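Nothing here was measured: the structure is a model prediction, and the numbers come from that model. Protein chains get the first letters and strands the later ones, always in sequence-line order, with residue 1 at the start of each.
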2 protein chains.
Amino acid sequence: MKVLVVDDDRVVGISLKTILEAEPDITVPALGQDGTEAVALYREHQPDILLMDIRMEGMNGLDAASAILAEYPAAKILFLTTFSDDEYIVRALRLGAKGYLLKQDFESIVPALHAVFGGQNVFGSEVIKKIPDILSTPKEPDVSELPLNEKEIEIMKLVAEGLNNKEIAQTLFLSEGTVRNYLSSTLEKLEVRDRTQLAIYYYKHVQ
Amino acid sequence: MKVLVVDDDRVVGISLKTILEAEPDITVPALGQDGTEAVALYREHQPDILLMDIRMEGMNGLDAASAILAEYPAAKILFLTTFSDDEYIVRALRLGAKGYLLKQDFESIVPALHAVFGGQNVFGSEVIKKIPDILSTPKEPDVSELPLNEKEIEIMKLVAEGLNNKEIAQTLFLSEGTVRNYLSSTLEKLEVRDRTQLAIYYYKHVQ
DNA sequence: AAAAACCGATGACATTTGTCACTTTCTCTT
DNA sequence: AAGAGAAAGTGACAAATGTCATCGGTTTTT
């Protein structure tokens, strides 16, 4: 199988090529060093798999993958990167990457390539473990360990829906002043400044 | 490698056993039919991999996996199920399952077992594709489609980070009054009432 | 060059928001 | 029944927010 290797770091690229070509069934037709090259080399060599770094000078790996997939929807792209950054993982998944491995996980690379070639998706353990953290639990917002009482939680949710104090008061059958008081204590406990930051907090940490 | 098979449906279990044992390097020491049996049989046979259904009478696959992993943290568990239900996928990931395949994806099972045995994580394409849907950022990231100009978009983003008008003014090198004016037009264009609703709009529809 | 369009800024204004110190009301406990 | 302690409310206040009309420069259009 043909594996196109693209990595910012020339040393890493050559090492990978050496390791991969030690396998009898793998050839590395070319080495790229950034996203632009990745796209051009992919067109030229039409490899079975593209093994690519994410962080690179110039066009990054994700944008390159996006461009390649637009042109070759069946492209098998396996990201090999140093950091398991949430942002990257999400974007890679969304793009339809076939895999996402950490460079640390060196001995996994060859078997991963075989697995991807066979149609599997391969994500390193660290990546898989991260996914639940990135996931929002849409069913029951994890509100249990927040230091808020029942009323404060209610108010937080309503703020996160965009209601103003008067509307919250009507919804909860409280006076507007009481709502303000509860809101005030909520802000203090969560260490945020105003209702907007509270809504943001809710979307980022709770829901 | 020893593969313990647990499936509600006797027919499926026997079919799997037959298929797997056609492989020279796979043996199936036992067949279980529910979660309780899975735990007992795992203790008894200490298989290399547990291949298990999720929906089963009695104890389900996820709870069984949870119990087994508590006892054997290195257990390699591969779920084989009919439905790619969001709930299940999230829980399986959280537990630390090594894989999650759909039964439809029949010919994937053997290579997947080999991959898992080799230390990989294997998730079917349908599952991987689902993950972004489960992610908290479901909508399209098309800032370009919004009827806002450059400044208004900047301000929207900063509001969505929780900055107040003064801070936005400092960040953008504008006067606070100007920021208010731009904010005002942004609110009108997006048909939201205040900065909190704007932040919510951003998290729901943009980012 | 004149007109139009645009960008940023002001000032005034009504509302909303958040904070604080208290009071009232209700509900338990003893 | 008395009192402690909640839950809820009040009033006052400063600050922040959002709206509006308008003004002074640029740049663009014609």
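The side chain of B:S184 lies closest to D:dT19, out of D:dT19, D:dG18, C:dA9. Nearest nucleotide to the B:L174 side chain, out of D:dT17, C:dC7, C:dA9: C:dA9.
B:Y72 and B:Q46 are linked by a side-chain donor-acceptor pair at a separation below 3.5 angstrom, with hydrogens and angles left out of the test. Under 3.5 Å, the side chains of A:T18 and A:S15 contain no donor-acceptor pair of N or O atoms. Looking only at atom types and distance, the side chain of A:R195 has a donor-acceptor partner in the side chain of A:N165 under 3.5 Å away. Under 3.5 Å, the side chains of A:E152 and A:S185 contain a donor-acceptor pair of N or O atoms.
Rounded to whole Å, the distance from NZ on A:K189 to C1' on C:dT19 is 16 Å. A straight line from CZ of B:R180 to C1' of C:dT10 spans 10 Å, rounded to a whole angstrom. Rounded to an integer number of Å, the gap from CG of B:N164 to C1' of C:dT16 is 15 Å. Taking atom CD of A:Q197 as the reference point, atom C1' of D:dT17 lies 15 Å away to the nearest angstrom. Look at CG on B:L163: it is 14 Å from P on D:dA16, rounded to the nearest Å. Taking atom CD on A:E176 and atom P on D:dA12, their separation rounds to 15 Å, with Å as the unit. Spacing between atom CZ of A:F173 and atom P of D:dA8 amounts to 13 Å, rounded to whole angstrom units. Atoms OH (B:Y182) and C1' (D:dC20) sit 16 Å apart, rounded to a whole Å.
Contact between the side-chain N/O atoms of B:N165 and the OP1/OP2 oxygens of D:dT17 is found at a separation under 4.0 Å. Taking side-chain N and O atoms only, B:T178 has no distance below 4.0 Å to OP1 or OP2 of C:dG8. Note on A:R193: every side-chain N or O is 4.0 Å or more away from OP1 and OP2 of C:dG18. Taking side-chain N and O atoms only, A:R195 has a distance below 4.0 Å to OP1 or OP2 of C:dT17.
Residue contacts for A:K151: at a heavy-atom cut-off of 4.0 Å it reaches the sugar-phosphate backbone alone, with no base atom in range. Among the atoms of the strands shown, base atoms are found under 4.0 Å from some heavy atom of A:N181. A:D194 comes within 4.0 angstrom of the backbone, heavy atoms only, and of no base.
Nearer to the 5' terminus of DNA chain C, by closest-nucleotide assignment, is the contact made by B:V179 (compared with the other of B:V179 and A:S185).
A:D48 places a side-chain N or O within 3.5 Å of a backbone atom of A:K2 that can act as its donor or acceptor partner.
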